[in-house]
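In what follows, a single structure is set out as structure tokens and then discussed.
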Amino acid sequence: MTGNDERYPANFISSIIEADQQAGKHEGKVKTRFPPEPNGFLHIGHAKAICLNFGLARDFSGTTNLRFDDTNPIKEDVAFMNAMKEDIAWLGFVWAEEKNASDYFEQLFDYALQLIADGKAYVDSLSSDEIRTYRGTLTEPGRNSPYRDRSPAENLDLFQRMRAGEFPEGAHVLRLKIDMASGNMNLRDPSIYRIRHVRHHQTGDAWCIYPLYDYTHCISDAIEQITHSLCDTGFEDHRPLYDWVLAQIDSPGEPQQIEFSRLNLQYTVTSKRKLKQLVDESLVAGWDDPRMPTIAGMRRRGYPPAAIRDFCRRIGISKSGNNVELALLESCVREALEPSAPRAMAVMDPVKLVITNFAEDEVMSLSVANHPKDADMGQRSVFLTREIYIDRADFKMEANRKYKRLVLHDEVRLRGAYVVKAESVSTDDAGNIVEIQGTYDPETLGVNPPDRKVRGVIHWVSASKSSPAEFRRFQPLFSVANPDAEEGDYRSLINPQSQQCFMGYVETGVLEQEASVQFQFEREGYFVRDPEQNPDGIYRFNETVGLRDSWSKSNASS
RNA sequence: UGGGGUGUCGCCAAGUUGGUAAGGCACAAGGUUUUGAUCCUUGCAUUCGGGGGUUCGAGUCCCUCCACCCCAGCCA
């Protein structure tokens with residue numbers, strides 16, 4: 001599961017790097033960076049960027065820095081930094097250096113001074129509204145600010161005083177002097193410093209002016225000697241600005257920005273604003289709610305980090321718009337879990353089955369394999385008693401031969417145990433089945449009856465020798481494939497059935513295992529114990545992903 | 001004629017210098033199976049957004065048209 005297996009398949013970025021190495025660019029070195037803004041939790045979209053940056057660096061014997069893009073203290077918090085570090089480490093990546101854009105505030109300021117001295121930046125005193133007006137529109141050129149021709153000396157004085165805290169927020173802004181008529185809006189004298197009298201989580205009260213992204217990012221990359229600066233296609237038309245800035249200063253490096261398309265996963269939203277809103281408005285239980293596409297959520301849900309890495313590799317890297325199906329992610333999760341998850345039985349919607357020819361107080365211990373294909377995973381004891389539970393969905397009063405479960409007056413195999421026959425049922429006043437009575441065939445342990453064919457195999461659990469448990473099963477948080485494309489409030493698209501709780505029973509041995517063990521509850525799916533117990537102190541299991549189910553699928557379509 | 005992008009199978013996505021369409025997921029059909037799971041086998045684009053052109057030959061070159069996405073934060 002490591003090494004070459006995880007190498008990135010060929011993509012246009014690896015081609016660029018390969019060509020660069022062959023050409024001897026950067027002396028053949030490769031250095032990338034993952035630059036999140038610490039204003040929320042990392043999600044599956046970030047995972048794609050993380051795997052790409054760290055994966056490509058690894059593939060080409062390079063390194064990757066973690067750099068918090070903390071230029072906007074109003075939105076950011078150290079708590080998010082810590083959560084992000086935990087998530088990246090959990091995903092299995094090790095960064096060469098941990099940096100903050102704020103580490104470079106002093107250097108960034110010096111470069112700005114030089115830009116001003118060179119007549120390439122000026123202090124604008126227009127209000128933000130006026131700046132917007134002067135900027136023009138997509139089809140009409142902008143106009144020069146009346147402050148555009150201030151002398152370098154005046155600009156220098158004003159900028160120093162901005163830093164000194166002499167002006168209120170919004171009074172001035174430092175702008176690059178490029179081209180107000182450019183078809184590229186980013187080149188119409190972009191602002192690079194604004195006044196914010198707020199405390200910064202890293203620099204405290206040292207600054208009251210903060211640099212903006214376009215100015216900060218390229219220089220930070222250059223300072224860190226980043227060779228390939230990967231970002232999403234939303235920044236494509238920022239590249240001329242990225243290059244412009246580095247061309248004007250005495251740049252300590254020559255990073256190349258390369259854009260790739262961000263991930264769009266069906267049935268989920270990955271906008272930071274929306275994820276934050278889901279959390280803030282308690283539409284989900286938190287950033288790590290198992291239904292959230294956050295790394296923390298997927299971890300709690302039981303997704304193995306290797307599965308997420310595999311997914312990021314399989315979706316590939318390109319610049320085209322995409323709309324990845326959930327089935328691919330789930331397939332990766334199943335593939336990672338199938339060989340390693342010990343099997344066990346759990347009944348989530350129990351109905352009692354009384355085996356009338358089984359002794360009242362007998363407890364029969366049966367040895368069952370923990371994995372059907374891996375004997376090294378050993379055996380466990382499962383206890384059979386006169387009263388057991390089976391799933392309501394596994395019994396019918398009558399059914400055709402395609403139904404491979406228990407039917408009244410017919411037989412079915414109890415997994416790892418005997419063949420049982422349903423003889424009668426008891427119902428309540430409303431006609432609901434409250435108990436099934438049946439008999440078992442003592443000749444069928446480990447062998448099939450020679451004269452007849454049993455319908456199939458169902459899972460079960462002893463009524464007295466099992467433990468109560470809560471099971472949380474999940475469906476996509478949103479009920480439509482592309483919640484972002486829908487009109488109206490995306491919150492109205494939340495699937496009310498996205499989380500369903502069941503009270504049932506599980507083999508007691510399961511509770512004796514460490515909480516981190518991921519089980520496959522046979523015929524149901526992969527589950528992992530939640531860090532929290534339910535209000536009654538009962539263990540809760542989260543469904544990581546269900547088993548592939550070709551039966552209900554073909555049934556639903558016919 | 002604002003600027004920048006993207007269009008290869010239902011969903012992703014490979015396709016060096018033009019040489020006659022990888023792979024994965026999904027799906028379908030068989031086989032194995034005390035999980036309707038797993039596993040195995042097989043099938044699944046005469047066609048690369050459309051139309052022209054160059055060429056012995058084009059997804060790859062040229063022209064043209066069409067569709068969709070991003071940009072007017074003192075957010076990143």
Side-chain angles (χ1 to χ4, degrees), chain A residues 9-11 15 35-37 39 69-72 74-76 124 126-128 131-133 135-142 169-175 181-188 190-196 210 212-214 216-217 231-240 259 261 263 266 272 311 313-332 334-335 338-339 343 345 368-369 371-373 402-405 413-417 419 444 446-448 454 456-459 520-525 546-555:
Chain A
N11 61 67
S15 300
E37 180 187 19
N39 66 345
D69 220 335
D70 57 350
T71 57
N72 187 356
I74 296 169
K75 292 185 175 178
E76 300 151 5
D124 197 351
L126 247 28
S127 69
S128 58
I131 286 181
R132 188 185 333 116
T133 304
R135 186 156 34 227
T137 69
L138 293 177
T139 53
E140 299 160 26
E169 294 185 5
H172 308 287
V173 80
L174 185 69
R175 291 231 255 169
S182 173
N184 183 343
M185 299 297 280
N186 298 116
L187 264 22
R188 317 243 264 227
S191 301
I192 61 171
Y193 268 95
R194 75 295 218 184
I195 299 170
R196 282 288 178 291
Y210 293 97
L212 278 101
Y213 170 84
D214 285 308
T216 308
H217 205 85
C231 61
D232 75 69
T233 52
F235 293 94
E236 226 154 3
D237 47 20
H238 289 241
R239 187 171 2 109
E259 313 83 16
S261 57
L263 167 70
Q266 292 193 342
K272 278 189 179 179
F311 171 73
R313 212 177 310 116
R314 291 208 230 179
I315 55 177
I317 297 296
S318 73
K319 295 184 70 164
S320 44
N322 58 73
N323 194 213
V324 179
E325 293 174 337
L326 227 36
L328 179 59
L329 212 207
E330 297 188 332
S331 172
C332 292
R334 290 194 192 98
E335 194 170 297
E338 206 286 330
R343 313 287 125 124
M345 292 192 282
V368 179
H371 191 108
K373 303 170 79 169
K402 295 184 94 172
Y403 184 77
K404 296 163 68 174
R405 310 179 186 186
R413 151 105 36 208
L414 293 180
R415 167 109 252 226
V419 167
T444 57
V447 288
N448 281 321
V454 293
V457 184
I458 64 172
H459 59 285
Q520 182 200 100
F521 291 149
E522 296 200 62
R523 301 209 312 129
E524 296 286 7
L547 255 25
R548 187 174 278 111
D549 183 2
S550 55
W551 186 71
S552 68
K553 238 176 237 174
S554 64
N555 252 20

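Protein chains get the first letters and strands the later ones, always in sequence-line order, with residue 1 at the start of each. Only this structure's heavy atoms are used, side chains among them; waters, hydrogens and symmetry mates stay out. All values reported here derive from a predicted model rather than from experimental measurement.
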Heavy atoms under 4.0 Å, any strand shown: does [X] hit a base, just sugar-phosphate, or nothing?
| X | result |
| --- | --- |
| A:Gly446 | base |
| A:Leu138 | base |
| A:Gln520 | base |
| A:Phe235 | base |
| A:Ile317 | sugar-phosphate |
| A:Ser191 | sugar-phosphate |
| A:Ser331 | sugar-phosphate |
| A:Arg196 | base |
| A:Lys319 | sugar-phosphate |
| A:His238 | base |
| A:Gly456 | nothing |
| A:Leu263 | nothing |
| A:Lys272 | nothing |
| A:Thr71 | sugar-phosphate |

Minimum-distance nucleotide (side-chain atoms of [X] versus [options]):
| X | options | result |
| --- | --- | --- |
| A:Val457 | B:rA76, B:rC71, B:rU34 | B:rU34 |
| A:Thr137 | B:rA72, B:rA13, B:rG24 | B:rA72 |
| A:Leu547 | B:rU6, B:rU35, B:rA76 | B:rU35 |

Side chain to side chain donor-acceptor pair (under 3.5 Å) assessment of A:Arg413 paired with A:Asn448: CA-CA 9 Å; A:Arg413 151 105 36 208; A:Asn448 281 321; 3.0 Å; yes
Any [X] side-chain N or O less than 4.0 Å from OP1/OP2 of [N]:
| X | N | answer |
| --- | --- | --- |
| A:Ser552 | B:rG36 | no |
| A:Arg135 | B:rG73 | yes |
| A:Arg314 | B:rA13 | no |
| A:Arg334 | B:rC39 | no |
| A:Ser182 | B:rG2 | no |
| A:Arg132 | B:rG73 | yes |
| A:Ser550 | B:rA37 | yes |
| A:Arg194 | B:rA76 | yes |

Please report, rounded to the nearest Å, how far the [atom2] atom of [N] is from the [atom1] atom of [X].
| X | N | atom1 | atom2 | result |
| --- | --- | --- | --- | --- |
| A:Tyr213 | B:rC75 | OH | C1' | 12 Å |
| A:Asp232 | B:rC75 | CG | C1' | 14 Å |
| A:His459 | B:rU35 | NE2 | C1' | 10 Å |
| A:Phe311 | B:rC12 | CZ | P | 11 Å |

Record whether the side chain of [X] comes under 3.5 Å of the base of [N] through a donor-acceptor pair of N or O atoms.
| X | N | result |
| --- | --- | --- |
| A:Glu325 | B:rG10 | yes |
| A:Arg413 | B:rU34 | yes |
| A:Glu524 | B:rU35 | no |
| A:Asp237 | B:rG3 | yes |
| A:Arg405 | B:rG36 | yes |

Let's test this: given Watson-Crick or G-U wobble pairing with both distances under 3.5 Å, identify the partner of [N].
| N | value |
| --- | --- |
| B:rA67 | B:rU6 |
| B:rA28 | B:rU42 |
| B:rU54 | none |

Option among A:Lys75, A:Glu76, A:Lys272 that satisfies the side-chain hydrogen bond (donor to acceptor under 3.5 Å, both in side chains) test with A:Asn39: A:Lys272
Check ion pair A:Arg135-A:Glu140 (N to O, under 4.0 angstrom): no
Note, A:Arg194 side chain near A:Asn72 side chain (heavy atom, < 4.5 Å): yes
A:Asn448 vs A:Ser318, nearer the 5' end of RNA chain B by closest nucleotide: A:Ser318
Closest-nucleotide 5' rank along RNA chain B - winner of A:Asn11 and A:Arg343: A:Asn11
Torsion-based syn/anti label for B:rG43, 90° from 0 as limit: anti
Integer angstrom distance from the C1' of B:rG50 to that of B:rA67: 10 Å
Separation of A:His217 NE2 from A:Cys231 SG (nearest 0.5 Å): 7.0 Å
For A:Asp69 against A:Glu37, the heavy-atom pair lying closest together: O-CG, 3.5 Å
Whether A:Tyr213 and A:His238 hold their rings parallel, tilted or perpendicular, with breakpoints at 30° and 60°: perpendicular
